[in-house]
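For reference, the structure is listed below as structure tokens.
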Number of protein chains: 2
Amino acid sequence: MTAQIASPLITALEGSGVRLTGPRRAIAEMISTRTGHFTAADLVGAAKARHPGIGRATIFRSLELLSSLGVVERLDLPNGDHAYVGCEPSHHHHVVCSSCGASSDFDDADLSTVVEGVGARTGYRIDSHRLELFGICPTCAAATTEAST
Amino acid sequence: MTAQIASPLITALEGSGVRLTGPRRAIAEMISTRTGHFTAADLVGAAKARHPGIGRATIFRSLELLSSLGVVERLDLPNGDHAYVGCEPSHHHHVVCSSCGASSDFDDADLSTVVEGVGARTGYRIDSHRLELFGICPTCAAATTEAST
DNA sequence: ATTTTTGCAAATCATTTGCATATAT
DNA sequence: ATATATGCAAATGATTTGCAAAAAT
């Protein structure tokens, strides 16, 4: 009975009918050890070090697969870069730390009021939305304060 | 006294200290004739037809300039493409039509409550946010209904 | 045994850059 | 006159694709 902690991603893969391959396990594990967001290039780099033999294409393909399963989400950073974060498959949004890349999820409740209001005012039938918040996480804020003391 | 309608973009350029060049006028005009969002590639194509001689690089540079002036905004479409829309320079967000690309602006008021709430709950100091709504505009909705009759 | 995945290398696509020339001020 | 902008072509960077070989069912 070994620890299964690191694997909501693996669970998601298991439940989806795709094959649970070595590369996919390795990628899932590399993602689940990350605290914050990461780019495809980050993962390619990590793979080169920790799991040589995994190709660039496989990483892109896995990222797409995991996104489609809803356990990884693609973010568009303010600078235009694409990044990813591991997350719960339910609908929600992210706050991401501009300093360390950490991210938290938050849910939808209050936002849906806003979304409905906009729909009513503009006449659009709103199908989907995306909200991303950027700021400084408590840890980084503390570190900054300290440094300036 | 000729119509100046097409030129909030030009006004913005004038007020900003940059030089009002031929290519910039042409690009501003091409943008202001668009109803919905457009990609850099769209503009490159339009320029090739209507203003040959304007280079790709100039288009990208102008888009960046206009974005920095706040009269054009870059969107990240749900499919990952980058697009732009012309807009008012005040802070606001967009609803974009998945069918025709039209977009409307809406302001911030209700959203700021949500943003503050998230900041309070997560402990993040929120610096910026981005909200994009996607759906079907009234015009396209009407067209669809008609077609199915 | 059969189907899905993979790795590789090459292809594609978007965006950026260097630099000599042209243009707005 | 002088600083800023432009066009071009080449450079860069990210992501995708074709395909034969490898691995999972």
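Proteins get letters first, then strands, A, B, ... in listed order; numbering begins at 1 in each.
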Revision key, fill the gap. Of the candidates dT15(C), dC8(C), dT6(D), the side chain of Phe60(B) sits closest to dT15(C)
Revision key, fill the gap. Quick note, Arg24(B) side chain, CB onward, closest among dT16(D), dA5(D), dT25(C) is dA5(D)
Check your understanding: Is any side-chain N or O of Thr21(B) closer than 4.0 Å to OP1 or OP2 of dT6(D)?
Key -> yes
Revision key, fill the gap. Ile59(A) atom CD1 is separated from dT6(C) atom C1', nearest whole Å, by 12 Å
Check your understanding: Quick one: do Asp105(A) and Arg121(B) make a salt bridge, cutoff under 4.0 Å?
Key -> no
Review point. Out of dT4(D), dA14(C), dT16(D), which has the shortest distance to the side chain of Arg19(B)?
Key: dT4(D)
Review point. In terms of side-chain heavy atoms of Ala40(A), which of dT15(D), dA9(D), dT15(C) is nearest?
Key: dT15(D)
Practice item. Figure out the CZ/C1' separation between Arg25(B) and dT6(D), and round it to whole Å. Key: 16 Å
Check your understanding: Start at the 5' end of DNA chain D and walk down; is the nucleotide closest to Arg56(B) or to Gly17(B) reached first?
Key -> Gly17(B)
Revision key, fill the gap. Quick note, Arg61(A) side chain, CB onward, closest among dG18(D), dT5(C), dC8(D) is dG18(D)
Practice item. Round to the nearest Å and state the distance from Leu20(B) atom CG to dA24(C) atom P. Key: 9 Å
Study note, to complete from the structure: Rounded to whole Å, the CG-P distance (Leu63(A) to dT15(D)) equals 9 Å
Review point. Which whole-number value in Å describes the distance from Leu43(A) CG to dG7(C) P?
Key: 13 Å
Practice item. Look at the rings of His93(A) and Phe106(A) and say which category their plane angle falls in: under 30° parallel, 30 to 60° tilted, over 60° perpendicular. Key: tilted
Point to revise | Residue Pro23(B), side-chain heavy atoms: nucleotide from dT15(D), dG7(D), dG7(C) that is nearest | key: dG7(D)
Review point. Hey, are the side chains of Val118(A) and His129(A) touching, using non-hydrogen atoms and a 4.5 Å cut-off?
Key: no
Exercise for review: Round to the nearest Å and state the distance from Glu64(A) atom CD to dA14(D) atom C1'.
Suggested key: 15 Å
Exercise for review: Nearest 0.5 Å please: distance from the CZ atom of Arg130(A) over to the CZ atom of Arg74(A).
Suggested key: 9.0 Å
Review point. Would you find more than 12 non-hydrogen atoms of other residues, nucleotides or ligands less than 6.0 Å from Glu64(A) atom CD?
Key: no
